[in-house]
Amino acid sequence: MPELPEVETVRGQLEPVLVGRTFTDGGAHPSAKFATAPHVVGATVEAVRRRGKYLLVDLDDDRELVLHLGMTGRFLVGAEATAPEHDPYVRAWWLLDDGSRLAYRDVRRFGRIAVVPAGDHRSLPTLHHLGPEPFDDAFSADHLWQAVRASSMRVKTQLLNQRVVAGVGNIYADEALWAARVNPAARTITRPQAARLRDAVREALAAGLENGGTTLRDYRTVIGDEGRNQHTLRCYGRAGEPCERCGTELRRRVIDARGGTWCPTCQAR
DNA sequence: GGCTGGCCCTGTACGC
DNA sequence: TGCGTACAGGGCCAGC
């Protein structure tokens, strides 16, 4: 499932394909989640940015193409970017003025495509209320501590809701909580725990970025490569295996409808 | 305004 | 072998 490192990897690969190019044609699945994709035809791409897990494509007509990969979304370019009649899971496609083709493929349709006035994200509540980027100074230990303290939600749920920090999903949340020795179900944390967790979030995401993302099932880069970060995970998806820090068997637990892995000893309350 | 839970969606795994 | 069911989960939204 694409989180910040996966989306940033995709952004870096889309940028040279799209910047300076004009959309000359396009089509989309009729679902409201994708139907506006062809509205960018005639516009030229000025930049490809990322905010949290969202890709933001700046257009030269003061609009923005907003893309979210959901769980199974990926982009295809060149020969791989076939039309929906050849691939039933292609939800949107565009033709560029250099003759190349871009397709958005999303098996489970959890992704989303929107065309909005530049900077106006009110129609996308999560993007509109997005918290600071994890590597910004604004994501400080104090910010994290205050946010957790001000809410009754569990700390893992707060990491996932995108308001406290942008771009963290289930995999990197589990990794960060394990590294920081914080119980995922806790509703309060100490200030030292907040400092450890802030650092651990950054380290987990940095490792993901360094390794081109985490491929557990569906994630692929634009050029079809798998990420390599799945080989470095120390907690997520390892339920039943011994914790490499203390040897206790890692356990799986569902918190607020999100499955996850934790160490009952290292991450005791 | 904050929080919870249901829903969307479809491939995969598993039990019978 | 084939069918039915549970599960995975990010974001949205209704309801409390």
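In this structure, Thr36(A) contributes its side chain and His39(A) its backbone to no donor-acceptor pair below 3.5 Å.
Look at Lys53(A) and you'll find a side-chain N or O under 4.0 angstrom from OP1 or OP2 of dG11(C). Contact annotation: Tyr236(A) reaches the phosphate of dG9(C) (side-chain N/O to OP1 or OP2, under 4.0 Å). At least one side-chain nitrogen or oxygen of His68(A) sits closer than 4.0 Å to the OP1 or OP2 atom of dG11(C). At the phosphate of dC12(C), OP1 or OP2 sits under 4.0 Å from a side-chain N or O atom of Arg112(A).
For Arg187(A) and dC3(B), the CZ to P distance is 10 Å, given to the nearest whole Å. Atom CZ in Arg109(A) sits about 4 Å away from atom P in dT10(B), given to the nearest Å. Put simply, CG on Asp106(A) is 16 Å from P on dC8(B), counting in whole angstrom units. The nearest whole Å value for the distance from the CZ atom in Phe34(A) to the P atom in dC8(B) is 15 Å. In this structure, Leu55(A) atom CG and dG10(C) atom P are separated by 16 Å, rounded to whole Å. Atom-to-atom, CG of Leu160(A) to P of dT4(B) comes out at 13 Å; the value is rounded to the nearest Å. Distance CD (Glu3(A)) to C1' (dG10(C)): 10 Å, rounded to an integer number of Å. Note: CG (Asp174(A)) to P (dG10(C)) measures 10 Å, nearest angstrom.
Comment: Arg63(A) engages Asp61(A) in a salt bridge, judged by a side-chain N to carboxylate O separation of less than 4.0 angstrom. Here Arg49(A) pairs with Asp58(A) in a salt bridge; the nearest charged N to carboxylate O distance falls below 4.0 Å.
A donor atom on one side chain and an acceptor atom on the other are not found under 3.5 Å apart for Asn183(A) and Lys156(A).
Nucleic acid contact class of Arg258(A) (heavy atoms, under 4.0 Å, all strands): base.
Between Lys33(A) and Arg91(A) there is no side-chain heavy-atom pair separated by less than 4.5 Å. When side chains are defined from C-beta on, Phe139(A) does not count as touching Glu133(A), because their heavy atoms never get closer than 4.5 Å.
The side chain to side chain contact (heavy atoms under 4.5 Å, CB included) test with Leu69(A) singles out one residue from Phe110(A), Tyr104(A), Tyr54(A), and that residue is Tyr104(A).
Closest-nucleotide positions on DNA chain C for Tyr54(A) and Gly260(A) were compared, and the one nearer the 5' end corresponds to Gly260(A).
For residues 146-156 of chain A, proximity to DNA chain C is found at no residue, defined as any non-hydrogen atom under 4.0 angstrom from a strand atom.
Evaluation of Phe110(A) against the base of dG9(C) yields a stacking contact (centre distance < 5.5 Å, interplanar angle < 30°).
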